[in-house]
Student: 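Quick one: structure below, then a few questions.
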Amino acid sequence: MTPLAMSIDATAAMSALAWASVQGGAALAVVWALCRMWRRMPGRVRCWLWRLAYVKVLAALIWTTPLQLALLPPPVPAQVSSNVTRKEATAAPMPSSSSSPEITNKPSVSRSAAAPVGARINAAAIASPKANMLPAVAVTLWCIGATLAVLRLVRHSRAGARLRRRCVPLAESGLALALEDLTGRFGLRRPPRLLTGTDVPGPLLLGIVRPTIVLPAELLDAGIQTIQAVLAHELAHVRRRDLAWTWLGATVGVLFFFHPLVWLARREERGAEEMACDELAIAVSRVQACDYARALVAVAARAFAPAPALAAGVVDSRKVLEQRILAMTHLANWSKRRWALAVAAAVLLSLLAIPPWRVVAQDKPAANPAAPAKPNPTTDASAAEDLPALLKQLEIEELARKDAQLMRLLAERSRAQRELNDLVKVQGYGETHPRVLEMKKAQEDVDLEVIARARKVKEALGRRAAEHRVVGWIAAATLRVRPAGDGLVDQVSVHEGDRVKKGDVLIQLDARRAQTALARTEAKLALAEAQFARVQALAKQATVSQEEVDQKLAELKVAQADLNVAKQDLAETRIFSPIDGTVGEVSVRAGERITRDQTLATVVETGVLKLQASIPLSELAVYAVGQPIAVRVAAYPKRAFTAQISSISPIVDGGSETVRIDATLTGDTTGLLSNMSATVTSTPAAKESAKQP
């Protein structure tokens, strides 16, 4: 590439960056002003406003061709003066009905004024080569800054990976059960990994594909309520997919590292994310806002460091924590109607603010005798297809959301339309120009392909219209085996995956203390029996009173009861399997001291499998108790399993607007495992058949 071309590219790049900085900066400033004026704005609304502002920044950088909005009145054609030379008349572009107002209002344009933009840039570059060094230097500095920003993100990403490798799984069963319970409340399929470490800067959520919650070791003694609040907050991040959205802000931060409003937006958007997670955590975990705030203060009191750039924490700074606690004092539960209005307003705001617009004059047929001729008959014949009406009839935009190929065709059609508008509106080509005719023919071919594809998609959707599909998971009855009291593990007789029957010994506890107690009670019973027999013989001789006989009889009965208790204690040193099934997890080892109600092992009943799924409220009418449903799993794509709905929960999950259903799998269930995800398919006909006797 020549130095001149490099300077031209640098000039264009700097112009695009400057335009995007102004447009995007205005959007960021508007969002910041809205958040300041509306102090009680929910965190979710704040997050989406900042994300829309990020999209505006990127759109202003990428979408350089504005959309034409014909609102101005059509221009009045001017008469060409008679003193125009033939050379100037030849050089000037012919007026057309689609030309821009600037071209129509200047009929006697000289060759230099009508030259393309690239030619004018070339002339400017040749005239002042030193002036074009400034854009090249600016682009070089921008590349250096962007590279440093990318390296910073890479460093944060590698630091998170190293942190995961240094941490160890958290084996505390109480926290694992709490995390599993919260995961079900948040509507997540499986709980994230739970790790702990000594050099962790604070509670963190790492990873987008495989989320991992990392807890500092010193936080484990903060109390179960504080840890549950931390887990609920991090699960709210997982539910909202905040780590994935973080990359949008990171991309804007890399491209516009020099922009002060971008720095402000990154900080404010992160605080809005934390507020939104607080709202969701309080709503789903059903904890009081004051208790949740106390837990946050307890975490902040330990002076943990803020979360890295590509991770989600719990407490970033004292100022943000004060704002979050203040926001908890006026939590509002918006109705569905209010949220629908907010979503509609956000969509309207996106359509108006994100695309670049340009107000132009309305088209008007030219009354000039030198105007270009009408299009050829082939174009008229193609226009007779009435493509816009067919596109509207087939609801292309709605179908495109469900078909990637149709979406690609629509993007290609939109790109062809922009190129055609650029030729006609900006560059001033006439309607009969070969390039314009070629672009119109190509656009009509794409339109026909779009219609054909849309019809195929609509037919396919029509065939599946009667089916309702949701995602569920296979569940088996899992019993947690716990001891009756404290003790010491002497021997573990089973391992994970072993098949056991009801009554099989799973774990043997240390029985020496129980055996000693049994021997002592047996000796006491023998002494009580001898004393009672002696007193009974003396009573026959009338040498002792009846009161002494009754006392010895009571002592004998107490000794017999103590013996039964000792035998029960000795029997409880052996932990038996309560059902026939498979050992799912063994959480103790020989020599470990256990406490009462501690889970020692789990036994999964594999004979009876159930299916659990969360269905949207909009599809609740399709399901009924006793209805047969079809079940498919990814592990066996060619096998179809059947199940029958056994119960439908009467409680609606307020966070996800879903209702839980339970079904019992029937027929051959070989190969199905607990927690395996499944696709549930139901039809209205199946519900009607279930209602019949």
Student: Quick one: do Leu179 and Leu235 satisfy side-chain contact (heavy atoms from CB on, under 4.5 Å)? Show the steps, please.
Tutor: CA-CA 9 Å; Leu179 179 61; Leu235 288 175; 3.9 Å; yes
Student: If you look at every heavy atom in Val471 and Ala613, which pair is closest and at what distance?
Tutor: O-CB, 4.1 Å
Student: Salt bridge or not for Glu274 and Arg46, using N-O below 4.0 Å?
Tutor: no
Student: To the closest 0.5 Å, what do you measure between CG (Leu206) and CD (Glu234)?
Tutor: 9.0 Å
Student: Leu280 vs Phe186, test: side-chain contact (heavy atoms from CB on, under 4.5 Å). Steps then yes/no.
Tutor: CA-CA 9 Å; Leu280 184 59; Phe186 277 92; 3.9 Å; yes
Student: Any chance you could measure Arg44, atom CZ, to Cys277, atom SG, to the nearest 0.5 Å?
Tutor: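 Answer rounded to 0.5 Å: 11.0 Å.
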Student: Looking at CH2 of Trp50 and CG of Leu248, how far apart are the two atoms once the value is rounded to the nearest 0.5 Å?
Tutor: 13.0 Å
Student: Side-chain contact, heavy-atom cut-off 4.5 Å: Trp247 with Ile208?
Tutor: yes
Student: Less than 4.0 Å between a side-chain N and a carboxylate O, is that true for Glu279 and Arg240?
Tutor: no
Student: Is the closest side-chain heavy-atom distance between Ile615 and Val680 below 4.5 Å?
Tutor: no
Student: With a sphere of 6.0 Å drawn around CD of Gln225, does it hold more than 12 non-hydrogen atoms of other residues, nucleotides or ligands?
Tutor: no
Student: So Val299 and Leu219, side-chain contact (heavy atoms from CB on, under 4.5 Å) or not? Walk me through it.
Tutor: CA-CA 8 Å; Val299 175; Leu219 185 64; 4.2 Å; yes
Student: Do the rings of His237 and His233 sit parallel, tilted or perpendicular, given the 30° and 60° boundaries?
Tutor: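 His237 and His233: perpendicular rings.
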Student: Counting neighbours of CZ on Arg36 that are heavy atoms of other residues, nucleotides or ligands and sit closer than 6.0 Å, is the number greater than 12?
Tutor: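 Atom CZ in Arg36 is packed in, count exceeds 12.
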Student: With heavy-atom distances below 4.5 Å as the criterion, would you say the side chains of Leu61 and Phe256 are in contact?
Tutor: yes
Student: Return the minimal non-hydrogen interatomic distance between Val209 and Pro211, and the atom names on each side.
Tutor: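 Looks like O-CD, 3.4 Å.
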Student: Say whether, by atom type as modelled, one donor and one acceptor occur between the side chain of Ser157 and the main chain of Leu153 under 3.5 angstrom.
Tutor: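 Answer holds: no.
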Student: Check whether any side-chain heavy atom of Val57 sits under 4.5 Å from a side-chain heavy atom of Val262, and report yes or no.
Tutor: no
Student: Within the structure provided, determine whether Leu28 and His259 are in side-chain contact (heavy-atom separation under 4.5 Å).
Tutor: no
Student: With rounding to the nearest 0.5 angstrom, report the OG1 to CH2 distance, Thr140 to Trp142.
Tutor: 11.0 Å
Student: Can you confirm whether more than 12 heavy atoms, excluding those of Trp32, are under 6.0 Å from its CH2 atom?
Tutor: no
Student: Report the C-alpha separation of Leu204 and Leu163 in whole Å, then their side-chain angles, then the decisive distance to 0.1 Å, and conclude whether the side-chain contact (heavy atoms from CB on, under 4.5 Å) test is met.
Tutor: CA-CA 10 Å; Leu204 297 176; Leu163 180 62; 3.6 Å; yes
Student: Which heavy atom in Ala236 sits nearest to a heavy atom in Ala281, and how many Å separate them?
Tutor: CB-N, 4.4 Å
Student: Taking the side chain as everything from C-beta on, heavy atoms only, tell me whether Leu231 gets closer than 4.5 Å to Leu194.
Tutor: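 Touching, per the 4.5 Å side-chain cut-off.
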Student: Please report the closest heavy-atom contact between Ala276 and Cys47, naming both atoms and the distance.
Tutor: CB-SG, 4.3 Å
Student: Find the distance between CZ (Arg193) and CD1 (Ile213) and round it off to the nearest 0.5 Å.
Tutor: 11.5 Å
Student: Taking everything shown except Arg166 itself, do over 12 heavy atoms lie less than 6.0 Å from its CZ?
Tutor: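 Result for CZ/Arg166: enclosed.
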Student: Flag the pair Ser677 / Arg189 as yes when at least one side-chain heavy-atom distance between them is below 4.5 Å, and no otherwise.
Tutor: yes
Student: Rounded to the nearest 0.5 Å, how far apart are CZ of Arg294 and CG of Leu296?
Tutor: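 Rounded to the nearest 0.5 Å, the CZ-CG separation comes out at 12.0 Å.
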Student: Can you find a pair of side-chain heavy atoms, one from Val30 and one from Leu49, that are under 4.5 Å apart?
Tutor: no
Student: Would you name the heavy atoms of Leu195 and Cys167 that are closest together and state the gap between them?
Tutor: CB-CB, 3.8 Å
Student: Distance under 6.0 Å and angle within 45° of the ring axis: does Arg266 meet both against Trp263?
Tutor: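 No; the conditions do not both hold, so Arg266 does not lie above the ring face of Trp263.
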Student: Backbone N or O of Arg190 within a donor-acceptor pair of the Thr183 side chain at under 3.5 Å?
Tutor: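 No; zero donor-acceptor contacts below 3.5 Å.
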Student: For residues Val230 and Pro203, report the shortest heavy-atom separation together with the two atoms involved.
Tutor: CG1-CB, 3.6 Å
